[in-house]
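Here's the structure, in structure tokens; my notes come after.
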There are 2 protein chains.
Amino acid sequence: MFFLKDLPTRQMLQTYHERYPGMNAEAVAEALRLLRRGSLLMRALEAYFTAHTLSQTRFLVLIVIDREPGQEGLLASAIADRLDISRPVVTETVKALVQAGLLGSVPAPGDGRAKRLTLTLAGRAVLADLLPGYFALIADFMAREGDGTA
Amino acid sequence: MFFLKDLPTRQMLQTYHERYPGMNAEAVAEALRLLRRGSLLMRALEAYFTAHTLSQTRFLVLIVIDREPGQEGLLASAIADRLDISRPVVTETVKALVQAGLLGSVPAPGDGRAKRLTLTLAGRAVLADLLPGYFALIADFMAREGDGTA
DNA sequence: TCCATATAATTAGGATGCTAATCATTAAGA
DNA sequence: TCTTAATGATTAGCATCCTAATTATATGGA
């Protein structure tokens, strides 16, 4: 998360440019807008998921299992491949989702180390419940915040 | 942070649109690109600061003090106003920066509750050291990743 | 076969974020 | 004045992320 509320003014970036001539002021200005807008949207999404006893990460785990073509589910390692989070976080997130009844976990046939993770009916129901609000929140944000290129 | 590596394809968004007609597929696609690009840049910035025994948050605390016009420094509450982080995080970040010798802390005249926080010479030196690499990293990222509108 | 290596998952320990509650001081009003 | 409310900062407790190390199982080559 990028926490700076007021981005540097053009004037401030100009001052930095004079001090550090190699700096590309326009690229920096655009990058900071990107970071700030992304962080604001992430804040809004986290609040949405928290209000529904979930989190962004748990939601994404459900999503990547849901969007897999077959019905065989995914191994934790496959989830880690699809998400940019460490293995231990996958372990703990999956554990929480299994405990919440949103994921099923069965030993992987043919590999004693692994477990196959599938969405339960409750897990599918949670996704179906949350997706409309998720899309609506995003659309609101994009409409309200503009495209940041102003 | 937004952890999904492969954003949904146009096809997948189309499928969601059929299931949830109120959804604005283009706004969602753009928002997810924003989130993912912002997260990648944040990952790169965090790695840069970690390699220099700092963090994004500590860096931003130094920046907001540095960019204040006067030389009187800031109260912790003023830092919290300028950054989108909670008060306790300001307390602990400031404590770490004072211990590292990058911030000075003196009782605020006229208010027995508050402290005035100022950059030390070492704090200014750290900023001067890190800023060129910070700007270079951002410029590299923006050049390499394009503007995301492709 | 059997040992070395690779892979799936977890555990251990630490960093950093949050909210709610608390302490100390200041400001405001009856 | 004296009590109440507001403000600056911190503490307590929890959630979630990380890296490094560990455990258990598979795989591949001498």
Side-chain angles (χ1 to χ4, degrees), chain A residues 1-5 39-40 42-61 72-100 103 105-117, chain B residues 1-5 39-40 42-61 72-100 103 105-117:
Chain A
M1 299 279 288
F2 182 78
F3 295 122
L4 189 61
K5 284 181 183 169
S39 293
L40 287 173
M42 275 189 278
R43 274 263 147 100
L45 290 173
E46 278 297 355
Y48 176 73
F49 289 123
T50 297
H52 293 82
T53 60
L54 221 61
S55 73
Q56 176 97 238
T57 299
R58 290 182 194 184
F59 175 76
L60 289 178
V61 167
E72 321 86 34
L74 287 176
L75 304 191
S77 50
I79 296 173
D81 288 343
R82 287 161 178 73
L83 297 180
D84 195 7
I85 57 180
S86 65
R87 295 289 187 97
V89 172
V90 174
T91 294
E92 111 194 326
T93 304
V94 163
K95 193 167 80 177
L97 288 170
V98 169
Q99 268 170 4
L103 285 187
S105 170
V106 297
D111 192 331
R113 297 165 298 182
K115 298 171 185 170
R116 279 216 302 221
L117 303 162
Chain B
M1 299 278 288
F2 183 78
F3 295 123
L4 188 62
K5 284 180 181 169
S39 293
L40 287 172
M42 274 188 279
R43 276 262 144 100
L45 291 174
E46 276 297 355
Y48 175 73
F49 289 122
T50 297
H52 294 80
T53 61
L54 220 63
S55 73
Q56 176 96 237
T57 300
R58 290 183 194 183
F59 175 76
L60 289 178
V61 167
E72 320 88 35
L74 286 176
L75 304 191
S77 50
I79 296 173
D81 287 343
R82 287 160 178 72
L83 297 180
D84 194 6
I85 58 181
S86 65
R87 295 289 187 96
V89 172
V90 173
T91 294
E92 109 195 324
T93 303
V94 162
K95 193 167 79 178
L97 289 170
V98 169
Q99 268 169 6
L103 285 187
S105 170
V106 297
D111 192 331
R113 296 165 298 181
K115 298 170 184 170
R116 279 218 299 222
L117 302 162

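Naming convention: chains lettered A, B, ... in sequence-line order (proteins, then strands); numbering from 1 in each chain. This one's a predicted model, so the numbers in the text were calculated from it and none came from an experiment.
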Leu75(B) CG to dT10(D) C1', straight-line distance once rounded to whole Å:
15 Å
Rounded to whole angstrom units, what separation is found between the CG atom of Leu54(A) and the C1' atom of dA15(D)?
14 Å
Ignoring hydrogens, what is the shortest heavy-atom contact between Ser39(B) and Phe2(B)? Give both atom names and the distance.
OG-N, 2.8 Å
Identify the heavy atoms of Val89(A) and Thr93(A) that sit nearest to each other, and give their distance.
O-OG1, 2.7 Å
What is the distance from CD of Gln56(B) to P of dA15(C), rounded to the nearest Å?
19 Å
Near DNA chain D, under 4.0 Å by heavy atom, which residues of residues 84-95 of chain B?
Arg87(B), Pro88(B), Thr91(B)
Protein-nucleotide distance (Phe49(B), atom CZ; dC17(D), atom P), rounded to Å
22 Å
Tell me the interatomic distance from Phe59(A), atom CZ, to dT16(D), atom C1', rounded to whole angstroms.
18 Å
Check whether any side-chain N or O of Thr57(B) sits under 4.0 Å from OP1 or OP2 of dT16(C), and answer yes or no.
no
Distance-minimising heavy-atom pair for Ser105(A) and Lys115(A):
OG-CD, 3.3 Å
Contact class for Arg116(A) vs. all strands (heavy atom < 4.0 Å): base, sugar-phosphate, or nothing?
nothing
Leu117(B) and Ala76(B) have their tightest heavy-atom pair at CD1-N, 3.9 Å
Of the listed nucleotides dA8(C), dA9(C), dA9(D), the one nearest the side chain of Arg113(A):
dA8(C)
Atom CG of Leu97(B) and atom C1' of dA15(C): how far apart are they, to the nearest Å?
14 Å
To the nearest angstrom, how far is Met42(A) atom CE from dT16(D) atom C1'?
15 Å
Using a cut-off of 4.0 Å on non-hydrogen atoms, how would the nucleic acid contact of Arg58(B) be classed: base, sugar-phosphate, or nothing?
sugar-phosphate
Check Gln56(A) against Met1(B) and note the closest heavy-atom contact, atom names and distance.
CG-O, 4.2 Å
Does Lys5(A), at its NZ atom, have more than 12 non-hydrogen atoms belonging to other residues, nucleotides or ligands within less than 6.0 Å?
yes
Of all the heavy-atom pairs spanning Leu60(A) and Phe3(B), show the shortest one and how long it is.
CD1-N, 3.8 Å
Taking 4.0 Å as the cut-off, does a side-chain nitrogen or oxygen of Ser77(A) come that near to OP1 or OP2 on dA9(C)?
yes
Let me know the distance between CD1 of Ile79(A) and P of dA8(C), rounded to the nearest Å.
13 Å
Could you work out which one of dT26(C), dT25(D), dA9(D) sits closest to the side chain of Asp111(B)?
dT26(C)
